[in-house]
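In what follows, a single structure is set out as structure tokens and then discussed.
Lettering follows sequence order; numbering is per chain, from 1. Scope of the values below: all heavy atoms of this structure, side chains included, with no hydrogens, waters or symmetry mates.
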2 protein chains.
Amino acid sequence: MELWTIEIEKAAMILKLLGDKTRLTMLKMLEAHDYCVCEFVEIFKVSQPAISQHVKKLKEAGLVCETRRSQWIIYSLNRDSDILPFVQSLMDHLPNQDFKLQQLEKQGLRISCE
Amino acid sequence: MELWTIEIEKAAMILKLLGDKTRLTMLKMLEAHDYCVCEFVEIFKVSQPAISQHVKKLKEAGLVCETRRSQWIIYSLNRDSDILPFVQSLMDHLPNQDFKLQQLEKQGLRISCE
DNA sequence: CTATTATATAAGGAGATGCTTATATAATAG
DNA sequence: CTATTATATAAGCATCTCCTTATATAATAG
């Protein structure tokens, strides 16, 4: 027996949002660490506007937060999102993406803005 | 800790398939009962070809089976699908759709082909 | 056989999606 | 101040999606 349910229309909307390899990977990555746009650009090998458009969709759905730190804008998972429990229940079955962070660090492209 | 994982590309493909209100509802309905195309047509208020196209996508993903019973083709959830565990983990959070079957029965549109 | 019923496939169109390049905005460095 | 760096937005385009109508296929009824 399930503990909670989500409206089917809302679920379909979320699944459509996450039914994109780039956005789904981003979200799984954000589960473990925060990332800035330029890091995503390096990782996904697409243009910077393409990344901005993807994170915008995640932000509009309330799944991520943005914080400016000097010239960078850091994206993080919004742990307070009301749809996170549903999203989490599927992200739990996705493989950890930490190797992508390690690749970034190996290339010296990890942003550290402290 | 998760018990099993699914490749992120495969997960994105499945989420895209289920990121449609009609297909997601169909699948949730099939969790409880089998349905034929003409029942789906009544329920979703779209054309018969539209329904056929949706079930075709679900069938191509291996999520549903079809069986002919005289002039009707009955669709059922493929309980042996290798992606069903992932799909099930999200369907568990969708509200039961039995009221749709009850509506059909009230209208006398439930197919019983015995 | 023909007519009817149920379903699938084909073709086409409106709108959505995901990318690109060009440009605008915001912060930092000098 | 100007130049550079990081990001967002605008515009355009190719492709995909989901629907429609028209037609084909398969089974049943008479």
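- Protein atom CZ of Arg68(A) is 14 Å distant from nucleotide atom P of dT25(C), rounded to whole Å.
- Nucleic acid contact for Tyr75(A): sugar-phosphate only, since backbone atoms but no base atoms lie under 4.0 Å from a heavy atom of the residue.
- As a whole-Å value, the separation of Lys59(B) NZ from dT7(C) P is 13 Å.
- Residue Lys57(A) is in sugar-phosphate contact alone, with no base atom involved, counting any heavy-atom pair closer than 4.0 Å across all strands shown.
- Ring-plane geometry between Phe86(A) and His93(B) is classed as perpendicular, the angle between the planes exceeding 60 degrees on a 0 to 90 degree scale with a lower cut at 30.
- Side-chain contact between Thr22(A) and Val46(A): absent, with no pair of heavy atoms (C-beta onward) separated by less than 4.5 Å.
- For Ile73(A), the listed nucleotide lying nearest its side chain is dA8(D); candidates were dT9(C), dA8(D), dA26(D).
- Residue Ser47(A) places none of its side-chain N or O atoms closer than 4.0 Å to OP1 or OP2 of dC19(C).
- The listed nucleotides are dA8(D), dT21(C), dT28(D); the one nearest the side chain of Gln71(B) is dT28(D).
- A sub-4.0 Å separation between OP1 or OP2 of dC19(C) and a side-chain N or O of His54(A) is present.
- Residue Lys16(B) is classed as a sugar-phosphate contact, given heavy-atom separations below 4.0 Å to backbone atoms only.
- If you take CG of Leu17(B) and C1' of dT17(C), they are 17 Å apart, rounded to a whole angstrom.
- We find that CD1 of Ile51(B) is positioned 14 Å from C1' of dA6(C), with the value rounded to whole Å.
- Side-chain to base pairing of Gln48(B) with dT5(C): no donor and acceptor N or O lie closer than 3.5 Å to each other.
- Ranking dT7(C), dT7(D), dC19(D) by closeness to the Ser52(B) side chain, first place goes to dT7(C).
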Which dot-bracket notation, 5' to 3', represents the base pairing of DNA chain C when pairs are defined as Watson-Crick or G-U with both distances under 3.5 Å, crossing pairs as [ ], and inter-strand pairs as |? ||||||||||||||||||||||||||||||
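- In this entry the distance linking CH2 of Trp72(B) with C1' of dT28(D) reads 9 Å, nearest Å.
- Distance CD (Glu66(A)) to C1' (dA6(D)): 13 Å, rounded to an integer number of Å.
- Using a 4.5 Å heavy-atom cutoff, the side chains of Asn96(A) and Thr5(B) are not in contact.
- Nearest to the side chain of Val46(A), among dT20(C), dC18(D), dA8(C), sits dT20(C).
- Between the side chain of Arg23(A) and the backbone N or O of Leu17(A) there is at least one donor-acceptor pair closer than 3.5 Å.
- The distance between atom NZ of Lys45(A) and atom P of dC19(C), rounded to the nearest whole Å, is 15 Å.
- Between Lys56(B) and dT9(C) there is a side-chain N or O to OP1 or OP2 distance below 4.0 Å.
- With Lys28(B) contributing its side chain and Pro95(B) its backbone, the two residues share no donor-acceptor pair below 3.5 Å.
- For Arg23(B), counting side-chain heavy atoms from C-beta on, the closest listed nucleotide (dA26(C), dA8(C), dC18(D)) is dC18(D).
- Using a 4.5 Å heavy-atom threshold, the side chains of Asp92(B) and Glu31(B) count as touching.
- In the interface, the side chain of Gln53(A) is paired with the base of dT20(C) through a donor and an acceptor atom under 3.5 Å apart.
- Note: Tyr35(B) and His33(B) have perpendicular aromatic rings, judged against thresholds of 30 and 60 degrees for the angle between ring planes.
- Atom CZ of Phe44(A) is separated from atom P of dC19(C) by 10 Å (rounded to the nearest Å).
- Taking the nucleotide of DNA chain D with the nearest heavy atom to each of Ala50(B) and Pro49(A), the more 5' of the two is matched to Pro49(A).
- Contact record, Glu39(A) with Asp34(A): OE1-O, 4.3 Å, taken as the closest heavy-atom pair.
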